[in-house]
> 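First, the structure itself, so that you have it in front of you.
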Amino acid sequence: MLTKKIEKAFNEQLNAEVYSSYLYLAMSAHFAGQSLNGFAHWMKLQADEEYAHGMRFFDFILDRGGKPTLKAIEAPPADFGTPLEVFTTVLEHERKVTALIHGLVDVTAKEGDHASSPFLQWFVAEQVEEEKTARSILEQVKMVKPNSPALFFVDRHLGKDAAE
Ligand SMILES: [Fe+2]
Ligand SMILES: [Fe+2]
């Protein structure tokens, strides 16, 4: 059984993960509008992944006898600027999510909820990967001058492989 405090915190994270999905979907639309289809494809895969993260919380809340509570999802921005600005935002966002996950680890530890530990550790490891990927794409985009043809190589690369 989840304590009320943990149930509330997990429901907030469910909302935050679905918001992440929305954010990346908006970024996908932003890139698709500029025919940067590789970037758009990569963002859409991230959006799917974030939705799946939300569903992990949804299912885990149920598994522990809690009640998933669905709140309104905040609207993401519609304009994001250059690819460099977009990936700066992505990295900042992922760092924020990492802090939220670490906050959940602290809350569950304080409440003595050991059953949540393996579940949350999956997210701790996932955030290391997410930050690493965001950082590596940001570094690639940084090397590309504005309106340089090199941008299309990064775009094509992201269109082929979402994991890098
Ligand atoms: Fe996530
Ligand atoms: Fe993420």
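Indexing begins at 1, ligand by ligand and atom by atom, following the structure's order. Counting begins at 1 with the first residue of the sequence. What you see is a predicted model, and the numbers here were worked out from it, not measured in a lab.
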> Determine which of the N, O or S atoms in Glu130 is closest to the Fe ion (ligand 2) and give its atom name.
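Result for Glu130 and the Fe ion (ligand 2): OE2.
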> Within Glu50, is some N, O or S atom less than 2.8 Å away from the Fe ion (ligand 2)?
yes
> Could you please spell out the steps behind the side-chain hydrogen bond (donor to acceptor under 3.5 Å, both in side chains) verdict for Ser20 and His53?
CA-CA 10 Å; Ser20 295; His53 291 170; over 6 Å; no
> Check all N, O or S atoms of His53 and name the one closest to the Fe ion (ligand 1).
ND1
> For the pair Glu17 (side chain) and Ala52 (backbone), establish whether a donor and an acceptor sit closer than 3.5 Å, ignoring hydrogens and angles.
no
> Among Tyr51, Phe119, Trp122, exactly one meets ring pair (Phe, Tyr, Trp, His ring centres under 6.0 Å) together with Phe57. Which residue is that?
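That would be Phe119; it is the only one of Tyr51, Phe119, Trp122 passing the ring pair (Phe, Tyr, Trp, His ring centres under 6.0 Å) with Phe57.
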> Under 2.8 Å from the Fe ion (ligand 1) - does any N, O or S atom of Glu17 fall there?
yes
> Are Arg95 and Glu92 close enough for a salt bridge, meaning some N to O gap below 4.0 Å?
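Salt bridge flag = no for Glu92 with Arg95.
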> Look at Glu126 and state whether any of its N, O or S atoms is less than 2.8 Å from the Fe ion (ligand 2).
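Within the cut-off used here (under 2.8 Å), Glu126 places no N, O or S atom near the Fe ion (ligand 2).
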> Pairing donors with acceptors under 3.5 angstrom, does anything connect the side chains of Glu50 and Gln46?
no
